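Here's the structure, in structure tokens; my notes come after.
Predicted, not measured: the structure shown is a model, and the values here were computed from it.
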Amino acid sequence: MDTRPVVSSLDFDQIKSDMVEFFKDRPEFADYNFEGSGLNLLMDILAYNTHYNALAANFQLNESFLDTALIRQNVVSLSKALNYLPRSSRAARTTLSVVVPRRNNENFFIIPGGTLFQASSGNQKLNFYTIQDYSVNYSLNDVSRTISVDIFEGNLVTQRFNVTNTKDEFPAFDLGQTNVDTTTITVTVDGVKYTQLTPENEGMNNEDENSKIFFIEETKNKTHKIIFGNNVVGKKPPTGSVILVTYIATNAALGNGVRTFTPNVQNRTDITITGTVPQSQGGTSPETIQEIKDTAPHWFQSQFRAVTKNDYAALLKNKFADIQSINVYGGEEIGEPGNVYISIKPKSGDKLTESTKNTILSEILIPNNVVTIRPKIIDPFILRVVLKTVVIYDDKLLASSDTVLKSKIQTLFSRLNTTYIGDFLSNFNVSVFSSQIDEIDSSIVSSNTRVLLRADVTAKNGILDFYDWTYNNKLYHPEDGFNSAKGGILSSTLFFRQGRTVQSGFDEDGFGNIRLFDFIDNEKVTVEPNAGTINYETGAIEINEFDPVDGVINFTAIPDSFDILASENTILQIAPEDCLVDVIEKNNVGTIKNINLTRSI
């Protein structure tokens, strides 16, 4: 007979109850009162001890697996087994075109690493630095030279360590800062430069006891430490050595979006910046616990090479920090085999600058890419979703007012961009949206939402940033010539054309032709009946060249379905400023009958 107590739950009260029942069944305690203070206290102690041990065992087991671990130190340790180093803080960076005048017929000039470029963004003053030397080589008749210079935001820090203890097998030195961009670290030992050994290049350089290498690891305090070899793998610094570690301590995302820079090269006030300055990008905080959990397994699976779509995504998430959303798809999906397309929505804006794209290609993708595949980085296409919602409510159940109810629904529009859509491959489903409206207030009886799609096109110097695009959804077109007299299912905001005093706009004729019109005396006067084409089945739009003044032109179309799909490089975003809400009391039958609840025509 099994005489052990049965513990059927890990809850404290249930454990105590199980133990009391066990003791009551024992003849030695048949007449005892377990509600008495003495025995009750002993039962509490036994139950507490059991409960505490059970929790400790549960926590310990959870922290032993990457999926269930909650403590960062443990997550980092577990990812180490997958040969994964969590991403540190990353400094915002940009590439400048710097003009360096020639002096005294010199043959070359060096812009040293650590050169300061002062920057301003609004009232914020920031420092950007070079992290390597740049050599300017002049030809015989050169008056000046223009070179490209990469600069990084933050404070340039140099720490000195003296080696006094050689008993540690792998000597380690903690940098003591949580905002170090580890990609900017340089290490010298007694003036000799050491090279970082990473999971990607491990084993490629025939490391031995003479290799001048170091490792980087994250500590339990979220700082980073420099680790040297043990005279078996990597050379151990001898006693008395002086170690200098230089790096950028960054302000992370605070450095994003900067365009104004002033070079501060010692004794060279004549050095200037030329051309269009790309805004700084890439600044972000260290990788979060959840990001480590998501990326580390894919990183291990990729084995430091980019072959599958997951490989590309994992590689970029580890090496490039400024990613809000990413989508990778093969060229075979769009009829261009041999290419892989990567679309990145950065945290710091709507798209990457050209200099950032070039950096990603040259420093991250090409070194890890399969030779036969050509990676291409394309901008995300932001497709705005404009909602026109009618909400029917019961005044008897409304605790506040119809104005407050309307305000709550308008707030929902903005919240959708962060909780529901706003990422690649995140579709908009009107049924989900309607259910979220229903949850706002118990007085809501029903809702009806009409959907429009808007593409924003920028004109600069008489040229559009793109002349063709696709809504990636079938457009509403019940018959040829539909709604032709009123402009079909496509419209644009009014804009000025160069040299004209009246505004112009676009609509379509219901037969697949886009029309350009002038707006005169509140009437549309068509000036070009074939200004472009519209494909109702695919949502593809093509506009012929014209001569707009600088500004943004919005093109709005009516989709065939109220459910909107996002594919390839398309990201859906609600346009709260253009969304409309009507709230109508359920007994206002006349208004309900007269309102259009079908299409936005």
Side-chain angles (χ1 to χ4, degrees), residues 382-423 426-456 471 473-479 482-483 485-494 505 507 522 554-566 571-601:
I382 309 296
L383 190 59
R384 315 289 179 181
V385 180
V386 181
L387 304 176
K388 297 183 177 182
T389 299
V390 177
V391 174
I392 312 298
Y393 71 94
D394 187 344
D395 190 55
K396 295 179 181 179
L397 301 176
L398 185 63
S400 54
S401 65
D402 58 350
T403 302
V404 173
L405 180 61
K406 184 175 181 178
S407 178
K408 289 181 179 179
I409 298 169
Q410 290 171 331
T411 301
L412 174 63
F413 292 147
S414 298
R415 195 168 68 244
L416 284 175
N417 282 333
T418 55
T419 60
Y420 177 43
I421 63 174
D423 290 333
S426 294
N427 302 326
F428 174 82
N429 296 303
V430 74
S431 60
V432 176
F433 176 64
S434 297
S435 67
Q436 292 182 331
I437 290 179
D438 292 342
E439 294 173 0
I440 288 177
D441 197 287
S442 59
S443 66
I444 294 176
V445 176
S446 65
S447 64
N448 185 286
T449 298
R450 293 164 287 166
V451 181
L452 299 173
L453 298 179
R454 193 188 82 203
D456 299 340
Y471 291 102
N473 288 266
K474 184 179 179 181
L475 301 179
Y476 186 58
H477 185 65
E479 60 186 9
F482 175 73
N483 201 40
K486 295 183 179 180
I489 54 92
L490 178 76
S491 63
S492 77
T493 51
L494 296 177
D507 63 12
N522 293 323
N554 306 136
F555 288 84
T556 304
I558 302 172
D560 185 68
S561 172
F562 294 148
D563 292 335
I564 307 302
L565 303 179
I571 292 179
L572 302 180
Q573 285 188 352
I574 304 295
E577 69 281 0
D578 292 331
C579 295
L580 300 176
V581 179
D582 285 322
V583 290
I584 305 172
E585 212 284 323
K586 70 172 187 176
N587 294 317
N588 195 345
V589 179
T591 303
I592 295 175
K593 283 184 177 180
N594 292 327
I595 202 164
N596 177 15
L597 297 178
T598 55
R599 291 286 173 184
S600 302
I601 301 294

Audit row: S414, I574, side-chain contact (heavy atoms from CB on, under 4.5 Å) steps and yes/no: CA-CA 7 Å; S414 298; I574 304 295; over 6 Å; no

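- Scanning all heavy atoms of the two residues, the minimum distance from I444 to V391 falls at CG2-CG1, 3.8 Å.
- Judged as a side-chain contact (heavy atoms from CB on, under 4.5 Å), and not counting sequence neighbours, the contacts of S443 are Y393, L397, L398, L405, D441.
- Panel note: side chain N588, backbone K586; no donor-acceptor pair is recorded below 3.5 Å.
- One finds the CG atom of N473 at 9.5 Å from the CG atom of D560 (value rounded to the nearest 0.5 Å).
- V404 is listed as a side-chain neighbour of S401, based on a closest heavy-atom distance under 4.5 Å.
- Smallest separation of non-hydrogen atoms from A557 and L490: CB-CD1, 4.0 Å.
- In summary, of the residues considered (N429, V451, N427, L452), a side-chain contact (heavy atoms from CB on, under 4.5 Å) with I564 occurs for V451 alone.
- For Q573 against I382, the heavy-atom pair with the smallest separation is OE1-CG2, 3.7 Å.
- Considering CD1 of I440 and CG of D438, their distance stands at 8.5 Å, rounded to 0.5 Å.
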Decide ring pair (Phe, Tyr, Trp, His ring centres under 6.0 Å) for F482 and Y476; before the verdict, give the C-alpha distance in whole Å, the side-chain angles of both, and the deciding distance to 0.1 Å. CA-CA 9 Å; F482 175 73; Y476 186 58; 5.4 Å; yes

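- Q436 and L416 get closest at one heavy-atom pair: OE1-CD2, 3.0 Å.
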Would R384 and D456 count as a side-chain contact (heavy atoms from CB on, under 4.5 Å) here? Give the steps. CA-CA 8 Å; R384 315 289 179 181; D456 299 340; 3.4 Å; yes

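- Remark: E439 does not engage R415 in a salt bridge, criterion side-chain N to carboxylate O under 4.0 Å.
- When each of L580, T389, V386, D578 is paired with F413, the side-chain contact (heavy atoms from CB on, under 4.5 Å) condition holds for T389 and for no other.
- Shown here are the side-chain contact (heavy atoms from CB on, under 4.5 Å) partners of S446, two or more places apart in sequence or in another chain: I392.
- When side chains are defined from C-beta on, E585 does not count as touching T591, because their heavy atoms never get closer than 4.5 Å.
- Judged purely by atom type and a 3.5 angstrom limit, S407 has no side-chain atom pairing as donor or acceptor with the backbone of T403.
- Looking only at distances, a side-chain donor or acceptor of T493 sits under 3.5 Å from a matching main-chain atom of N554.
- Interatomic distance, T556 OG1 to L453 CG, rounded to the nearest 0.5 Å: 9.0 Å.
- Between L383 and R454, the closest heavy-atom pair is CD1-O, 3.7 Å.
- A pairwise comparison of heavy atoms in K406 and V581 identifies CE-O, 3.0 Å as the closest pair.
- I571 contributes atom CD1, which lies 8.5 Å from atom OG of S426 (distance to the nearest 0.5 angstrom).
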